[in-house]
Structure formats: C-alpha cells, structure tokens
Amino acid sequence: MLNFSFQNPTRIHFGEGQITAISHEIPLDARVLLVYGGGSIKSNGVYQQVSDALIEHTWFEFSGIEPNPTYDTLMQAQAIIKAENIDYLLAVGGGSVVDGAKFIAAAALYEGNSEGNDPWDILAKQQVFTKALPIGAVLTLPATGSESNGNSVVTRDGNKLPFSSPLVRPLFAVLDPSVTMSLSDRQISNGVVDAFIHTIEQYLTYSVNGKVQDRFSEGLLQTLIEEGPKALAPATKGDLEVRANIMWSATMALNGLIGAGVPQDWSTHMIGHELTGAFGIDHARTLSIVLPAVMKVRKEQKREKLLQYAVRVWQITDGDDNARIDKAISLTEAFFETMQVPTRLSHVDLGSKDIDLLIERLEQHGMTALGENDDITLAISREILTQAL
Ligand code: NZQ
Ligand code: ZN
C-alpha cells in the first residue's frame, strides 16, 4: 500500500427528514446564501423544507446554476455576496450546484496573483488560494461525491476544468434519499454510472496490495450493479432502500476513502470532460463511452486488476485469463446498456471526424500524460477514442 494521509471532516446527516439538521449546523448569526439550480427543488418540496429549517436564519438566494456549471453564471453570485455580506453558502442540488458553490466560495475571497485577480486562474493555472467561504450541502442527486469532497469542475467557453482544495469541502452534507424520488430515469442512470466509474478509476490500476481499498471498492461496484437497475424498474423505483444504497455508494465512491493509499487513473474522466466541453454530453454519458475503450486499450497494463475485477465483481471463473477479461469488459458494457447510457461515440452521433478536436483540447488543457502511470499520451488517447467509435 502507498503512504497516505486521510481526513474527511464533512459531517453527514443521512436519512429521511434530515434536512431539518441544517437549522443547527449553520450558525444563527451567519448571513447565508442558498444556491441552487434550475428549480427542481421548488417542485419537489426540497426548497420548502430548506426554508422551514432556515426560519431563524438570515438568508438570501442565488439560483440558475446549470448542469456543468459555467464561470459566467457563477461569477454573477459575487454581486449579492458583496451587497449582503454573505459569509456562508448552502448548496442545494446535484453535483453541479455543489461544485458551483465551491467555485463561488473560493472566488468570493480570492486575492489573485501577480498577473491579476481573475478567479478563473484557480482552474486554468491551478492557482492556489488560501481562503474560501464555508459551505454546507443538501444533496438531491447521488452521483459525484461532491457533497463530501474538495473537488469542483467548472466550464468556461467550452473548457471544462477541475480544481481541488480542502478549503471548499462542505462542512456538512444532508443526504435524504427520499428527495431523489423526483429524479428522471436519465439522472438516476447518470448518477449510478458516475459513481461506478469513480470507483473504477481508483481500483482498476495496478495492485499495491491495498486489500481494504480493493474490497471496499468491489463492494461499492457490486452494490451499484445490483441496485442501479432497480432504481429504473417500475416495480422497485419507488423503493427508498434502493435509493438509500445508491446514495451512500455514490458518496463513499468519491469521499477520499477508497482512493487513499492506492494508485488512481482518472483518464476516463479527463477524456470525458473534453466530450462535455466540446459537445455538451452529460458527464456520466461521456464516461460510459470512454471507459470500455480504456479497458480494451489498456488491457495489458491493467491485466492483474482486470482479472481481479472479473472474478470478484462479476464472479467469472471459467476460461483462461484473456477470456475472463473480455467477458468482464462485455459485462461492464451490458451493465451500462441496462442503465440506458451510451457506450460508443456513434451512440451520441459523433464519429472519427470529431476526434481531432478532442485531442487538440486535451493537449491545450495539458492532459498529455494521463493514467496511473502518466503514460497515456495523446497518441494513446486517440487510440482510446478510436476504439470508442
Ligand atoms: O438544476 P435543477 O433544476 O436542480 O435540475 C437538476 C439538473 O437539471 C436535476 N436534479 C437534481 N436533483 C434533482 C433533479 N431533478 C429532479 N429531482 C431532483 N432531486 O438534475 C440535473 C443534473 O444535475 P447535475 O447537478 O448537473 O448532475 P450531477 O450531480 O451528475 O453533477 C454533474 C456535474 O458534476 C461534475 C460533473 O463534471 C458535472 O459538471 N463532477 C463533479 C465531481 C466532484 N465534485 O467530485 C466529480 C465528478 O466526476 C464530476 O466531474
Ligand atoms: Zn464523475
């Protein structure tokens, strides 16, 4: 196992009715900005529950954070933060809203560098910042793990870039699985697939004998394989326990625990971000297209872990090593198909003519040495995208 330091200080309030917890989590003297998206929280009752919980607080609101949040939208929050002396952000929504709140929190107190003070530098130049407003989160879409990690992804002019800092990790997060009942099938699928691939990106590398991390990851993958389809099936989609298991899996998949002390890949995500940035494809749907191709192109480098994945996650014990690996890859694709997400570029109307632009963007964003060994060059990314046609 590799050396690591691990701390996850986000306090989780899990279960039905837990939105009331925000009333005592946020200090009474705070000046709170509630940030949310396009309005789903108004139609499913979450906004009302949050308003009720904040009855004794002084609060304001900023809405309109879009899926794949943009710099331009997020910067508009700065005016109300200044005008109302906001000192606490409450993000209520999916990963885009929580990610958006993180950028707003860092931008509000950003002091700049010698070249200026545009907070975009936090992403474009990975500029370090030393302060951010405190954040709390009420999660409405299990997928990203953003509710208890320090990561955020923001888009500007087609450039979708990540940043990470412990300063923007939410202090607390409310996870009430009942609020996920209003999700569309598409958003449920996206969430399950995103969480599955977060687990894979921290698992499917090379072995460092991290037995705890491996077994935890395999448990998360199996839970998502079992519960994901149930959340789409008419007979079980209303089952709160199914939703609870998906919600907790998604948080655990990217809260730092399973990735501590093991190598990580993230090539699927970095290539996927270019597909969203250039063509607007949903985050998870870019991943379900790229991952099977990564598994195929990196079969030799990932051989040992692919075999472990085949046996422990899919219980494949027949055939030689190659047959087991091929079967595991095809079962992964079949799982994505059951979850109704695309597995080929052609499924989203893209073809070989689009690959040049994606490679150009990867180069422009410095994504030239991806993977657990930093050896996925632009040429190999091209091979992966070609494999995904
Ligand atoms: O905007 P509203 O009206 O709220 O509607 C949203 C949005 O249209 C809707 N929704 C959310 N909760 C709902 C609901 N509709 C009905 N009922 C509910 N309970 O769902 C739509 C999509 O929401 P979004 O927040 O965009 O989805 P998701 O949680 O999948 O977040 C995706 C974003 O997170 C980033 C992605 O790149 C993408 O920008 N990621 C963040 C990560 C992180 N912070 O660690 C890691 C991930 O790999 C990912 O990159
Ligand atoms: Zn993701």
Side-chain angles (χ1 to χ4, degrees), residues 10 19 34-47 49-50 63-71 73-74 91-103 123 135 137-156 160-165 168-170 173-202 231 243 246-247 250-251 253-256 259 264-277 280-288 290-291 341:
T10 303
I19 290 178
L34 164 62
V35 300
Y36 60 100
S40 70
I41 65 166
K42 290 231 165 141
S43 45
N44 63 10
V46 171
Y47 180 89
Q49 289 187 59
V50 170
S63 64
I65 298 179
E66 60 279 78
N68 308 306
T70 66
Y71 168 87
T73 300
L74 301 173
V92 183
S96 294
V97 169
V98 182
D99 279 12
K102 291 174 179 178
F103 180 71
L123 297 116
I135 302 172
V138 175
L139 188 72
T140 63
L141 196 173
T144 61
S146 188
E147 65 279 6
S148 77
N149 68 38
N151 308 333
S152 168
V153 194
V154 178
T155 301
R156 187 179 191 182
K160 184 171 183 180
L161 301 177
F163 78 96
S164 193
S165 164
V168 296
R169 188 194 292 263
V174 175
L175 275 67
D176 177 346
S178 71
V179 312
T180 71
M181 291 296 178
S182 57
L183 287 167
S184 64
D185 284 0
R186 184 183 182 106
Q187 297 305 343
I188 291 169
S189 298
N190 284 354
V192 168
V193 168
D194 194 21
F196 184 91
I197 295 177
H198 292 158
T199 310
I200 288 278
E201 299 249 52
Q202 298 161 90
R243 302 303 178 109
I246 290 174
M247 199 168 210
T251 300
L254 201 49
N255 68 356
Q264 304 190 11
D265 183 345
W266 300 108
S267 58
T268 296
H269 268 73
M270 294 310 125
I271 298 170
H273 286 172
E274 302 305 347
L275 277 161
T276 303
I281 299 161
D282 294 0
H283 172 63
R285 289 162 179 256
T286 68
L287 308 178
S288 58
V290 177
L291 178 69
V341 292

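Positions are given from 1, in the same order as the sequence printed here. Numbering of ligands and ligand atoms starts at 1, following listing order.
For the Zn ion (ligand 2), the count of nearby protein N/O/S atoms, taking only those under 2.8 Å, is 4.
Minimum interatomic distance between I197 and S288 (heavy atoms only, all atoms of both residues): CD1-N, 3.9 Å.
Counting only N and O atoms by type, the side chains of E147 and T251 include a donor and acceptor under 3.5 Å apart. Between the side chains of K102 and S146, at least one donor-acceptor pair of N or O atoms lies under 3.5 Å.
The shortest distance between side-chain heavy atoms of Y36 and T140 does not fall below 4.5 Å. Side-chain contact between T180 and I188: absent, with no pair of heavy atoms (C-beta onward) separated by less than 4.5 Å.
In this structure D176 satisfies the salt bridge (Lys or Arg N to Asp or Glu O under 4.0 Å) test with no other residue, sequence neighbours excluded. With sequence neighbours left out, F196 forms a ring pair (Phe, Tyr, Trp, His ring centres under 6.0 Å) with F335, F336.
Sorted by chain and number, the heavy-atom contacts of ligand 1 below 4.0 Å come from G37, G38, G39, S40, N44, P67, N68, P69, G94, G95, S96, D99, T140, L141, A143, T144, S146, N149, N151, V153, K160, V179, S182, L183, Q187, D194, H198, L254, H269, H273, H283.
Side chain of T199 to main chain of A253: no donor-acceptor pair is present (N/O by atom type, distance under 3.5 Å, no hydrogens or angles).
Considering D194, N68, T276 as possible partners of H283, the one that fulfils the side chain to side chain donor-acceptor pair (under 3.5 Å) test is D194.
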